[in-house]
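One structure is given below, encoded as structure tokens.
Numbering of ligands and ligand atoms starts at 1, following listing order.
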Amino acid sequence: MNKITIAIDGHSSCGKSTMARDLASRLGYVYVDSGAMYRAVTLYALRGGIAHDGQIDEPRLRDALPDISISFIFNPTTQRPDTYLNGELVEREIRSLQVSSCVSPVAALPFVRSAMVEQQRLMGEKGGIVMDGRDIGTTVFPNAELKVFVTASAEVRARRRYLELTAKGQQCDFADILRNVQERDYIDSHREVSPLRPAPDAVLLDNSDMTPAGQLEWLLHQVELKTNV
Ligand code: DC
């Protein structure tokens, strides 16, 4: 069977990463979490004082970009790729609320996006990839054979993120998370470069009331429709 390119886009915290990872693992494809790349750049900026108090020093970040190397290494215990920033494992830190609160403005910067998109295209050169993000079907892989646009209500998504963080022992407040989800929806959908929107040929999936197993079946069916033609 031909290995295709699969783009999964959608709102934050709607379970894209889990479904993309499960799908890749069932198909024997590579999985790339493009949001982790924007999070790693944000972490670098926060640590270096390039981003602070909601302000980003754009010239400094632009100069620093060549020094930011992001890679993924598959973790057999979690069955998912871990994110490394300049060789350091940062998987946990990039998911913190501090990074989540600052990542959307960083991801809205055109020079950050073009650098990330270039790397993402290289990763997908050979097909056999599932990549999730916001602009994968519209900008990164406009020729992807299968494009899925996922969403769920903001409350459902905030609840999922809250349970995820508390399960990891991180202290958080549901109202803060809901606000963060809504703010990111707004910034992601209104930015000038590659705003979040479904590609015209994307299939839509509202997973508010779906289980992970149900989603995976649905996705496998979509893959079958694209590969059995
Ligand atoms: O999927 P996530 O929540 O980890 O994404 C983090 C942020 O990065 C989110 O605010 C949107 C942005 N992002 C993006 O602009 N383009 C992508 N392809 C992936 C993520």
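- Residue Ser34 places at least one N or O, backbone or side chain, under 3.5 Å from an N or O of ligand 1.
- In summary, the atoms of ligand 1 found under 4.0 Å from a heavy atom of Asp188, numbered by their order in the structure, are 9 (C), 10 (O), 11 (C).
- For the residue pair Cys14 and Arg160, the shortest heavy atom distance occurs at O-NH1, 3.5 Å.
- Note: no N/O pair closer than 3.5 Å links Arg95 and ligand 1 by distance alone.
- The shortest heavy-atom contact between Tyr29 and Ile4 is OH-N, 2.9 Å.
- Under 4.0 Å from ligand 1, the heavy atoms of Arg191 that appear belong solely to its side chain.
- Neither the backbone nor the side chain of Met37 comes within 4.0 Å of ligand 1, counting heavy atoms alone.
- No option in Val106, Val103, Val99, Ile68 other than Val99 meets the side-chain contact (heavy atoms from CB on, under 4.5 Å) test with Leu43.
- Taking both residues in full, the closest heavy atoms of Asp135 and Asp9 are given as N-OD1, 3.1 Å, listed atom of the first, atom of the second, then distance.
- Seen from the ring of Phe174, Arg159 counts as a face-on cation partner, given the 6.0 Å and 45° thresholds.
- Contact detail for Arg39 and Ile94: the closest heavy-atom pair is NH1-O, 2.9 Å.
- Near Gly133, meaning under 4.0 Å from one of its heavy atoms, ligand 1 places the atoms 17 (C), 18 (N), 19 (C).
- Contact of the Glu145 side chain with the Lys3 side chain is not registered, since no non-hydrogen atoms from C-beta on lie closer than 4.5 Å.
- Interface atoms of ligand 1 facing Tyr38, defined by a heavy-atom separation under 4.0 Å, are 8 (O), 13 (N), 14 (C), 16 (N), 17 (C), 18 (N), 19 (C), 20 (C).
- Protein heavy atom nearest atom 20 (C) of ligand 1, with residue, atom name and distance: Gly35 CA, 3.5 Å.
- No chain of hydrophobic side-chain contacts below 4.5 Å, direct or via other Ile, Leu, Val, Met, Phe, Trp or Tyr residues, connects Leu196 to Leu205.
- Under the 6.0 Å distance and 45° angle rule, Arg62 counts as a cation-pi partner of Phe111.
- If you check which protein heavy atom lies closest to atom 3 (O) of ligand 1, you get Arg184 NH1, 3.0 Å.
- Within the 4.0 Å heavy-atom criterion, neither part of Gln120 lies near ligand 1.
- Which of Ser12, Ala107, Ser104, Pro195 comes nearest to atom 10 (O) of ligand 1 through a heavy atom is settled by distance: it is Ser104.
- Of the candidates Arg134, Arg39, His11, the one placing a heavy atom closest to atom 13 (N) of ligand 1 is Arg134.
- For atom 16 (N) of ligand 1, the closest non-hydrogen atom of the protein is Arg113 NH2, 3.0 Å.
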